[in-house]
Protein chains: 2
Amino acid sequence: MTLITGFNFIAGGRSANGSVTVQSVDATSGEALPYSFHQATEAEVDAAARAAEAAYPAFRNLAASRRAEFLDAIADELDALGDDFIAIVCRETALPAARIQGERGRTSGQMRLFASVLRRGDFYGARIDRAMPERKPLPRADLRQYRIGVGPVAVFGASNFPLAFSTAGGDTAAALAAGCPVVFKAHSGHMATAEWVADAIVRAAGRTAMPAGVFNMIYGGGVGEWLVRHPAIQAVGFTGSLRGGRALCDMAAARPQPIPVFAEMSSINPVLLLPDALKARGEQVAAELAASVVLGAGQFCTNPGLAIGIRSPEFVAFLERFTALMGDQPAQTMLNAGGLRSYCHGLENLHQHPGVSHLAGARQEGNQARAQLFKADVSLLLEGDELLQEEVFGPATVVVEVADKAELIRALRGLRGQLTATLIAEPADLASFGELTSLLEQKAGRLLLNGYPTGVEVCDAMVHGGPYPATSDARGTSVGTLAIDRFLRPVCYQNYPDALLPDALKNANPLGIQRLVDGVGTRDAI
Amino acid sequence: MTLITGFNFIAGGRSANGSVTVQSVDATSGEALPYSFHQATEAEVDAAARAAEAAYPAFRNLAASRRAEFLDAIADELDALGDDFIAIVCRETALPAARIQGERGRTSGQMRLFASVLRRGDFYGARIDRAMPERKPLPRADLRQYRIGVGPVAVFGASNFPLAFSTAGGDTAAALAAGCPVVFKAHSGHMATAEWVADAIVRAAGRTAMPAGVFNMIYGGGVGEWLVRHPAIQAVGFTGSLRGGRALCDMAAARPQPIPVFAEMSSINPVLLLPDALKARGEQVAAELAASVVLGAGQFCTNPGLAIGIRSPEFVAFLERFTALMGDQPAQTMLNAGGLRSYCHGLENLHQHPGVSHLAGARQEGNQARAQLFKADVSLLLEGDELLQEEVFGPATVVVEVADKAELIRALRGLRGQLTATLIAEPADLASFGELTSLLEQKAGRLLLNGYPTGVEVCDAMVHGGPYPATSDARGTSVGTLAIDRFLRPVCYQNYPDALLPDALKNANPLGIQRLVDGVGTRDAI
């Protein structure tokens, strides 16, 4: 049984210099758990960032295969966390054990996938333009480019995935894969969980002889500001609220040296219900959509918060069925009291909005979240009403009825940036609504056809990103292997002898990777 | 002969609603040229941004081969600009005709290179993860990813490359290649040049049937702020001063929807003179370095503003020779009066600094820039003195002598981010100073061995970027084909039928491009 110390993780050691402590809480009962955590002092935050900075030169220069060993070792350590670990995560988050077991596998799988990316080598982006000494009027020098980690990365985990988007989550995995040491700010909602996972990472770092300081973790409220402002930190990964994410972006932009922040923030994930699909399988769609809305108490970044249909008898029938189903959902315990408060606040705003009517859901009271269905007037979308565009984090959704295809397109134009946009459609719908894809591409990072956005596959092709305010930078993803790109920057070598070049750029191509040589992709030596 | 109208370029038409005009100036004489330009009104800036926004859906959805035709057509139009065009550029910039002829070729070559990138197709970043319907516990959906243009881009050109970094320069080429319409803010230093080039782009757009609004250009002071704050603009490219670039970054970060700014700003491009190289060819190095410092009146982003050597008889000999050469350079006319004023101001700061002594250069007076050589105490680097790190744009450089290798490394640690870092070294030096490369990688975007940083090849492997303040985002380059990445974002399709997918992601791979399919790079159909 692992002992919870409540100490900050700095440079492979533990530190508890501060006198402020924060308590872990049972998410279901609201009672204090017997674990308290030492809020990092400013000096400890500095020490953590400095430790990451000190580890950076050695860590980034390790062969990618060595970093892959480290990620694989983390994966093994995570898989080895047993039932007592699962029990603690469940107590801190009120998530069911089966979900946490699955998430543990997702998290270790993510680490192993990044290890495979490191071995595959396409992340290097290796490019070689050979010298042309005879070129007129001027010769061309030998030029070679690959990518290196940007430097120490600060990561802020999410409450809703205590494993997969937290201490050893996607941002940490991507940063470590890129060769960037990490300072992780433990989420206040699952600090004991965080300590177990940080222990696992530190054990893996020890087993694979990584530099001390490759991973650090700090506890406490407000300590994140020190971290983001610290000169050693070169990039930030964040998953959470729009307000929190934007605050970090503003802080990072105001530094003497501004740094990029990759914040995944707020999305209402519109689902468009097209007429032939509702005709063919309206009941089924109602059941599937309701299940997606209430899954995990609606606490997913890709929770469908908006469903749009076209005025028609089949939409009326769908809505009737959907209303009945949404009224019939059991209450669920949320991740923490703050989340429930925020959910109640979001519902209240919807209830009070004159353009919004309440269709289903028991009165929200007590310490569990109740599923809620609202209907909003299309004018709210057409006029860019702020409220409708705000994510209500929890098991609630809003339907909007549009008059026809032209109004649908106008309504979609009014949408802000999204993580996902979904079409529920039959082939006949796709023939009549073909132009929707082009419009939705401009609004979202992932387009789904006849699926539901909850469920984000960790793979090469995934995009978990999108235009603001879904994220702070639409050019990134925080799930899937492309996430590593956020933490890499290109470096070019001009006229370097083969022996001094990194392996990825040597003539013999000792890593056997795909490279762009004189404009042609190849794995050949040169 | 093209008529200079002085009108703004909006949506393929011309507009001159404002009453404020700005005058083009002969860079050599300082006299007004007979061309005046209508400063854009706020409504015209809005119209230009809206035109780009309106063009975006059609332009980005064009087959990449169609955009390639457009870029090739621009290249042809640029090549066809004749002697009267060259004469105007020379008058506006005081640059010699041979340089401008060469730069014209570089600019058209850059367009053609991006056209080849569009035909090659690697910019798509195509990734396919096929469905795994039998996977347990949950099936995997078919997921496919490629990249699209981010939206309309605002480009601010540089004074020092009136063609290659201006109206039809690298940022414009990269944005258009990515499928992003451009609003270009004409540089006040060469507005007649800008009009000729904008005319060429608009002719090319007409010939290749591009949407009106694919390229727009506005004139005037202060109008750039409206542009960067305009909601239609989704990214900014800038080449210029640290102050100007940072102001745009701050503006973009403070928008309701923050957008990325790729600003190439300030670099002193250190050159490290290692002992064996100075022993073997100190005289030659002195001559080459002096030529690089004064090339084009020192008006290059990659001008070597700092040379560091190790205390030794060979460094004394080098410095003697270098001092003599720098004292012997002819005065040169700068690009404009503002540039000369700024150069004089930079020199004055160096003259007045107690840690800096003046080694060579005639007293700076008159309307031409005189080459200057200074020597700074190493303590300025060790203590992070701001002045030494500031780019003095013009034919001046500073030498620093360090006691030994240990001090050299400490001095390099104190350097801010750079576009380039150069080693002048013999094989014996590389053996003794091997660790410098690793340190310099953290400081610069391009490392050169036995070359000089002036001369930035346009190719696949080039990185013209680097950590702040060299640029605002070390993850980009503003020269070379990787520049297109700045203006692309990934989109993912889940469970889309083949017919609705973009060509880049269709099973048959009709574009014949390299794709990552189930984790393996291939050009095969699936």
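Just so it is clear: chains get the letters A, B, ... in the order the sequence lines come, proteins before strands, and each one is counted from 1.
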Side chain / backbone / both / neither for [X] at chain A, heavy atoms under 4.5 Å:
X	answer
B:R515	neither
B:R120	side chain
B:Q514	side chain
B:V150	side chain
B:D485	backbone
B:D460	both
B:L488	backbone
B:L143	both
B:P490	both
B:N61	side chain

Given the options [options], which has more heavy-atom pairs under 4.5 Å with chain A than any of the others?
options	result
B:S116, B:A141, B:P467	B:P467
B:G451, B:G519, B:P260	B:G519
B:L449, B:D122, B:D473, B:D518	B:L449
B:G102, B:G151, B:P258	B:P258

Taking every heavy-atom pair that is under 4.5 Å apart, which of [options] has the most such pairs with chain B?
options	result
A:L482, A:N450, A:D250	A:L482
A:G445, A:A253, A:A444	A:G445
A:G521, A:S438, A:G476	A:S438
A:R523, A:R147, A:R486	A:R486
A:Q145, A:R144, A:R140, A:Q257	A:Q145

Please look at [X] and chain B and tell me whether the side chain, the backbone, both or neither of the residue comes under 4.5 angstrom of a heavy atom of that chain.
X	result
A:A235	neither
A:R416	neither
A:P57	both
A:T422	neither
A:L430	side chain
A:A254	backbone
A:I148	side chain
A:T477	neither

Side chains of [X] and [Y] in contact at under 4.5 Å (non-hydrogen atoms):
X	Y	value
A:C492	B:H464	no
A:E457	B:D129	no
A:Y496	B:L423	yes
B:C459	A:R127	no
B:Q494	A:T420	no

- Between A:R246 (side chain) and B:P256 (backbone), is there a donor-acceptor pair under 3.5 Å?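 Yes; judged by distance alone, with no hydrogens or angles, the pair exists.
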- Query: Do A:Q234 and B:Y468 get their side chains close enough for a donor-acceptor pair, meaning under 3.5 Å?
  - Reply: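 Short answer, no.
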